[in-house]
There are 2 protein chains.
Amino acid sequence: MRSGQVTIKDIAKELGISASTVSRALKDHPDISSKTKVAVNELAKKWNYRPNAVALSLRHSKSNIIGVIIPEIVHHFFSSVISGIEEIAYKAGYNVMMFQSNESYEREIANVQALLSSRVDGVLVSMSKETKDFSHFKELRDNGIPIVFFDRICNELSSDNVIVDDFAGAFAAVDHLINIGCKRIAHLSAPQHMLLGQNRQKGYRQALIKHKIAIDEDLIIKCDNYEEAMLKTPELLKLSSPPDAIFAVNELTAAGALLAVKKVGFRVPEDISIVGFTDGLVSRVTDPNLTTLEQHGFEVGLKATELLVDRIKDGEMDYEPVTRVVKTNLIVRGSTREK
Amino acid sequence: MRSGQVTIKDIAKELGISASTVSRALKDHPDISSKTKVAVNELAKKWNYRPNAVALSLRHSKSNIIGVIIPEIVHHFFSSVISGIEEIAYKAGYNVMMFQSNESYEREIANVQALLSSRVDGVLVSMSKETKDFSHFKELRDNGIPIVFFDRICNELSSDNVIVDDFAGAFAAVDHLINIGCKRIAHLSAPQHMLLGQNRQKGYRQALIKHKIAIDEDLIIKCDNYEEAMLKTPELLKLSSPPDAIFAVNELTAAGALLAVKKVGFRVPEDISIVGFTDGLVSRVTDPNLTTLEQHGFEVGLKATELLVDRIKDGEMDYEPVTRVVKTNLIVRGSTREK
DNA sequence: ATATTAATTTCAAACGTTTGCGGTGACGAT
DNA sequence: ATCGTCACCGCAAACGTTTGAAATTAATAT
């Protein structure tokens with residue numbers, strides 16, 4: 001019995017021919033007689049020969065591996081992105097090596113080093129919240145490994161990016177609320193050091209400006225998770241002139257606000273309309289279902305990987321960076337209604 | 001400028017010494033003079049030398065890669081598992097190569113072949129729903145690659161498994177329902193060719209038997225997703241003696257049943273109590289929140305990977321397979337209440 | 001001066017595959 | 001006989017690294 005998997009050498013030895021002949025026979029090279037080809041292919045099938053990708057990587061200096069670094073996997077948007085990545089990678093013949101940074105800068109660096117050691121052909125990154133220095137990404141590029149950033153991008157590094165159109169999405173959400181008759185719209189927003197939080201708030205403001213509605217800073221509060229929403233929403237409702245709509249920066253926050261509003265005794269959507277962001281399962285199981293912005297994580301994954309694969313195939317490292325924007329779209333459900 | 005990344009040869013050439021000396025210097029081998037060591041290490045750091053993992057894999061016939069095949073990533077339970085996998089793999093110095101089968105048998109086979117080609121050191125698998133033939137998994141084992149199955153396991157193949165205690169979980173859920181006074185408990189179940197479906201139904205039956213409640217087969221229907229629950233729940237409620245509780249095989253089905261029940265006009269939990277399985281976000285945002293069984297996906301990932309890493313390190317392929325069980329626990333929320 | 005030992009370093013093979021080039025043998029043409 | 005032309009196949013190097021064994025150098029002992 002052989003130990004380990006079957007190699008070309010094993011086949012060559014068994015057939016009394018050289019390894020190079022086996023290699024050529026397997027690729028249907030014209031130099032090889034059909035008799036030999038048949039013999040080789042039969043034995044290869046019988047023995048379940050599988051080419052050793054490691055040896056091929058070494059030979060060709062090409063691993064056919066795409067590296068992915070993501071802040072955390074347990075998150076509907078990110079897992080959707082990974083799904084899209086895996087899909088394109090599979091079709092294009094690449095394998096996916098996956099790392100999560102857990103929002104830690106240290107770990108992100110360790111991940112990049114593993115990627116460098118593994119000689120991956122390209123990298124997809126969504127940065128950790130902690131990351132403020134980008135030299136580890138530069139090192140990747142200095143070594144000829146193309147990178148595409150997605151969602152959490154890096155403006156200091158001129159690089160390929162794929163992002164969600166947060167501004168337009170937020171604008172559409174608030175525009176919708178105004179069009180159905182809402183006049184005092186609160187915004188539960190994300191921290192402003194994140195581009196995402198900035199852009200969504202800008203969209204909110206721009207929609208109000210378009211409709212000539214005065215911006216009331218008291219209606220904009222930092223609140224970006226479920227628990228916080230349960231806590232802070234009641235206070236919003238106690239204002240002397242309470243809001244008649246809430247635009248939440250993400251889905252879970254919207255769900256928290258929804259529950260809080262109902263608990264206080266207001267009806268949704270009759271008294272208060274609510275819109276969230278990101279279309280996960282949550283929006284579809286609340287009562288009523290949440291109007292929300294589909295964020296197309298899957299498509300972000302697809303686009304980013306398509307772009308990366310192009311860069312890899314191209315082989316050139318002095319390209320003009322591109323930023324692709326994935327549009328969001330508003331899904332109107334039970335939590336908003338014409339007043 | 002060198003093309004590609006720095007190698008030991010580059011360092012050797014620059015310093016006018018042999019590659020083997022560089023290799024030994026980097027590993028602090030006693031044969032090498034400290035002067036040489038210093039020179040090598042300085043240059044290695046200056047040039048950002050990173051060992052080529054591909055060459056190491058080939059040399060040592062060990063890739064330090066763990067392969068993962070999962071039915072779909074966009075799923076709270078599975079992404080939790082992956083997170084656990086990645087955590088242990090990172091700590092143990094392994095990289096994770098990830099594939100999703102998309103519940104397709106064909107694709108699962110393709111994934112296994114990619115894993116074989118990549119010469120991964122071990123594999124973690126949760127099978128696709130379609131899979132009924134297991135020869136591709138046998139091939140992995142025949143080639144000395146240990147496998148640990150998780151959640152969707154395979155009883156025909158005697159193998160290492162990490163599973164959730166579906167039986168005990170289901171039993172606990174139904175026991176709880178009976179204890180709060182429910183008498184006619186319906187079960188929305190998964191297909192019975194899946195072990196998971198079987199075990200959860202067994203737990204359901206056992207709890208009824210324990211409490212000497214007759215089993216009514218009309219109350220057990222195959223129904224394991226949101227849409228189906230919306231469709232079939234109303235029919236259940238039209239029975240001459242309708243159920244006063246529903247035990248759903250998973251979270252989304254429970255959420256669908258909840259919405260359907262409310263739509264028909266029954267109240268939850270006053271008229272009908274509902275329990276789900278898996279503790280994702282969904283259970284926490286429905287109205288009322290769902291009583292459910294926490295499934296500890298992260299822990300499943302941890303345990304499975306720990307087991308796999310042990311098997312890899314051990315190196316022996318004729319081990320006695322082990323099945324580790326991760327306990328569930330019941331989280332009582334608003335959808336069930338004392339009657 | 002010569003043998004012995006120790007301290008460093010280099011050589012070469014190996015992991016599995018590909019690939020340019022050279023080689024062999026057969027066959028027909030001159 | 002000699003040459004050319006095919007058809008077919010093997011050699012050897014290369015990818016980057018490790019590692020047993022051999023080689024070199026220097027220092028010590030006789």
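Values reported hereafter were calculated over all heavy atoms of this structure, with side chains retained and with hydrogens, waters and symmetry mates removed. Below, chains carry the letters A, B, ... as their sequence lines are ordered, and counting in each starts from 1.
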Quiz item: When you check the side-chain N and O atoms of A:Ser104 and A:Glu130, is any donor under 3.5 Å from an acceptor?
Solution: no
Quiz item: Over how many whole Å does the gap from A:Asp31 atom CG to D:dC8 atom P extend?
Solution: 8 Å
Self-check item: Partner of B:Pro146 by side chain to side chain contact (heavy atoms under 4.5 Å, CB included), out of B:Asp310, B:Asp160, B:Leu308
Solution: B:Leu308
Quiz item: Are OP1 or OP2 of D:dC8 and a side-chain N or O of A:Thr36 less than 4.0 angstrom apart?
Solution: no
Quiz item: Of B:Leu58 and B:Thr21, whose closest DNA chain D nucleotide lies nearer the 5' terminus?
Solution: B:Leu58
Self-check item: Any donor-acceptor N/O pair under 3.5 Å between C:dC15 base and B:Ser57 side chain
Solution: no
Practice problem: Using whole Å, report how far CG of B:Leu56 lies from P of D:dT17. | Solution: 7 Å
Practice problem: In whole angstrom, give the distance that lies between atom NZ of A:Lys27 and atom C1' of D:dC9. | Solution: 17 Å
Self-check item: Integer-rounded Å distance: C:dG23 P and A:Ile17 CD1
Solution: 21 Å
Quiz item: Cut-off 3.5 Å, side chains only: do A:Ser23 and A:Ser20 have a donor facing an acceptor?
Solution: no
Practice problem: For A:Ser33, answer base if it contacts any base atom (sugar-phosphate contacts may also be present), sugar-phosphate if it contacts only those atoms, and nothing otherwise; contact means non-hydrogen atoms under 4.0 Å. | Solution: sugar-phosphate
Exercise. Grab the CG-P distance between A:Asp28 and C:dT19 for me, whole Å please.
Key: 15 Å
Quiz item: Ignoring hydrogens and angles, are the base of D:dG20 and the side chain of B:Arg24 linked by a donor-acceptor pair under 3.5 Å?
Solution: yes
Exercise. Report the distance from atom NE2 of A:His60 to atom P of D:dA13, rounded to the nearest whole Å.
Key: 19 Å
Quiz item: Distance only, no hydrogens: is a donor on one side chain within 3.5 Å (strictly under) of an acceptor on the other, for A:Gln100 and B:Ser83?
Solution: yes
Quiz prompt | Separation of D:dA7 P from A:His29 NE2 (nearest whole Å) | solution = 13 Å
Quiz item: Quick one: does B:Ser20 reach the base of C:dC11 with a side-chain donor-acceptor pair under 3.5 Å?
Solution: yes
Quiz item: Which residue, B:Ala55 or B:Pro30, contacts DNA chain C at a nucleotide closer to its 5' end, judged by nearest heavy atom?
Solution: B:Pro30
Quiz item: Roughly how many Å is it from NZ in A:Lys9 to P in C:dG16, rounded to a whole number?
Solution: 6 Å
Self-check item: Base D:dG16 to side chain A:Arg119, donor-acceptor N/O within 3.5 Å cut-off
Solution: no
Quiz prompt | Side-chain donor-acceptor contact under 3.5 Å, A:Asn95 with B:Ser118 | solution = yes
Quiz item: OP1 or OP2 of D:dG16 sitting under 4.0 Å from any side-chain N/O of B:Thr7?
Solution: no
Self-check item: Nearest to side-chain heavy atoms of A:Ile8, which nucleotide of D:dG10, D:dT17, C:dT17
Solution: C:dT17
